[in-house]
Amino acid sequence: MIINNILTSWYSVNKRDLPWRRTTNPYFIWLSEIILQQTKIEQGLPYYEAFVTKYPSVFDLANASESEVLKLWQGLGYYSRARNLHASAKYIVAELDGVFPNNYKDLLKLKGVGDYTASAIASFCFDEVCAVVDGNVYRVLSRYFGIDTPINTSQGNKEFKALAQKLISPKNPGEFNQAIMEFGARQCKPSNPDCTVCPLQDGCMALQKNSISDLPVKLKSLKPKTKHFNFIVFIFNEGETIIEKREGKGIWQNLYQFPLIETETSTSFDTMHSLLEKHELIPSSNYDLTLYNEEAIVHKLSHQHLHTKFWIVAIDSLASKGVSVDIIKDYPVPVLLSNFIEEFNF
DNA sequence: AAGTCGGGGGC
DNA sequence: GCCCCAGACTT
């Protein structure tokens, strides 16, 4: 039996009942695929339910504000996904009359939709013969065919895409794509897969060569950089504080935060005092400074380790308008801050 | 081609 | 501590 048939028959028995598998509405499929990028199903599922409930159509999503969308996305990470999702919804409503693109080529034009997502939507919703290549597919194919080309190179990308495209059947492209991904997620797992019950064990090159744990090959990623974040938590006017929108390029774009002072090294009380002396928001030196956490909180991201201190500044007046601490929960903030806000309890 | 973008969980 | 996750975008 060819690999396609083995995978699809395995899938018919082992597939999970997931909400986006009960529909071929491209709007819902698109939502699920964006949410699931670099995200495990268990983590993405509640977000999918929340988005479908709050935005049952692309018009509802387009009519929302970006902050509102980011708020619903809060905690999921990779926030450019939410910004692009919202921008694409507005594009579909404004330019396409709310009609979802119905082919790979047009789907690719949507912000945040790359080769994988366009292939997924095109095959699931419109039966287009486009093979998906996600982390699962890389793993299954590299092992079964014994391919050691690093997957995070353009070489590997091209090679595995071509191979998957060769294996997919025009008969059932969507089902094959779902099958190979589900198979990678549940049978051909990253670590300690149970190859004794694997329906592909006969032809699997990696099993034959005892190289399951060596595949797929991936080039090493860089070491995360350490940064030192000092958040200034102002308290004034009986229950007000200051929050700002993060502008610019880096992490957490368009999310909100307390005024941030980034330093080269861990910051002492003395250093913080002198930094606050020349702070634009502070008109006088009449304030009370306390450090919320003696030990820096280390928030670990893929490329940065954020050593974070929360400095509490009680002050009489400020050179800026504040917000009531009661409504900061309505703003989208990074997990690092929502954890603090919950714990601090103002 | 390499770097950037989150957060959670497995081992 | 390191790796992975229904990847895409920027430089």
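Below, read A as the first sequence line, B as the second, and so on, with proteins coming before strands; counting in each chain starts at 1. If you're wondering where the values come from, they're calculated on a predicted model, not measured in any experiment.
Closest contact between the side chain of Arg139(A) and the listed nucleotides dC4(C), dC9(C), dG7(B) involves dC4(C). The side chain of His303(A) has dC5(B) as its nearest neighbour among dC4(C), dC5(B), dA6(C). The side chain of Gln37(A) lies closest to dG7(C), out of dG7(C), dG7(B), dT4(B). Closest contact between the side chain of Ser302(A) and the listed nucleotides dA8(C), dC4(C), dG6(B) involves dG6(B). Nearest nucleotide to the Asn136(A) side chain, out of dT4(B), dC4(C), dA6(C): dA6(C).
Under the Watson-Crick and G-U wobble criteria, each requiring two contacts below 3.5 Å, nucleotide dG6(B) is left unpaired.
Centroid-to-centroid, the aromatic rings of Tyr79(A) and Trp252(A) stay 6.0 Å apart or farther. Aromatic rings of Tyr48(A) and Trp20(A) (six-membered ring for Trp) have centroids within the 6.0 Å cut-off, being under it. A ring-centre distance under 6.0 Å is not found for Tyr47(A) and Trp73(A). Proximity of the aromatic rings of Phe269(A) and Trp311(A) is defined here by a centroid distance below 6.0 angstrom, and this criterion is met. Two rings, from Phe346(A) and Phe344(A), have their centers less than 6.0 Å apart. In this structure, His273(A) has its ring center closer than 6.0 angstrom to the ring center of Tyr287(A).
Toward the 5' end of DNA chain B, the nearer of the two residues His299(A) and Lys189(A), judged by each one's closest nucleotide, is His299(A). In this structure, Ala185(A) and Lys300(A) both approach DNA chain C, and ranking their closest nucleotides by distance from the 5' end singles out Lys300(A). Taking the nucleotide of DNA chain C with the nearest heavy atom to each of Lys220(A) and Asp134(A), the more 5' of the two is matched to Lys220(A). Nearest-nucleotide mapping onto DNA chain B: of Gly250(A) and Gln155(A), the residue sitting toward the 5' end is Gln155(A).
If you check every strand for non-hydrogen atoms under 4.0 Å, Val137(A) touches nothing. Within 4.0 Å (heavy atoms only), Asn177(A) reaches no atom of the nucleic acid at all. Heavy atoms of Gln178(A) sit under 4.0 angstrom from at least one base atom. Among the protein residues, Thr117(A) comes within range of the sugar-phosphate backbone only, with heavy atoms under 4.0 Å from sugar or phosphate atoms but none that close to a base. Using a 4.0 Å heavy-atom distance criterion, Gly75(A) is classed as a sugar-phosphate-only contact.
With 3.5 Å as the limit, one finds a donor-acceptor pair spanning the side chains of Thr39(A) and Arg81(A). With 3.5 Å as the limit, one finds a donor-acceptor pair spanning the side chains of Arg21(A) and Gln178(A).
For the pair Cys195(A)/Leu200(A), no side-chain contact is recorded, criterion being any heavy-atom separation below 4.5 Å from C-beta on.
dG8(B) atom C1' lies 12 Å from atom OH of Tyr79(A), rounded to whole Å. As a whole-Å value, the separation of Gln43(A) CD from dG10(B) P is 11 Å. One can place CG of Leu76(A) at 16 Å from P of dC5(C), the figure rounded to the nearest angstrom. dG8(B) atom C1' lies 10 Å from atom CD of Glu42(A), rounded to whole Å. A straight line from CD1 of Ile297(A) to P of dG7(B) spans 14 Å, rounded to a whole angstrom. A straight line from CG of Asn152(A) to P of dC4(C) spans 9 Å, rounded to a whole angstrom. Residue Gln38(A) contributes atom CD, which lies 12 Å from atom C1' of dC3(C) at whole-angstrom precision. The separation between His305(A) atom NE2 and dC2(C) atom C1' is 10 Å, rounded to whole Å.
The base of dG6(B) sits with one of its N or O atoms less than 3.5 Å from a complementary donor or acceptor on the side chain of Tyr78(A). Side-chain to base pairing of Ser191(A) with dG10(B): no donor and acceptor N or O lie closer than 3.5 Å to each other.
Near-neighbour residues of DNA chain C inside residues 12-25 of chain A, defined by a heavy atom below 4.0 Å, number-ordered: Trp20(A), Arg21(A).
Lys249(A) has no side-chain polar atom (N or O) that falls below the 4.0 Å cut-off from OP1 or OP2 of dC9(C). OP1 and OP2 of dC5(B) both lie 4.0 Å or more from every side-chain N or O belonging to Trp73(A).
When the P atom is used for both dA6(C) and dG3(B), the distance is 25 Å, rounded to whole Å. One P atom belongs to dT11(C), the other to dG6(B), and the distance between them is 15 Å to the nearest Å.
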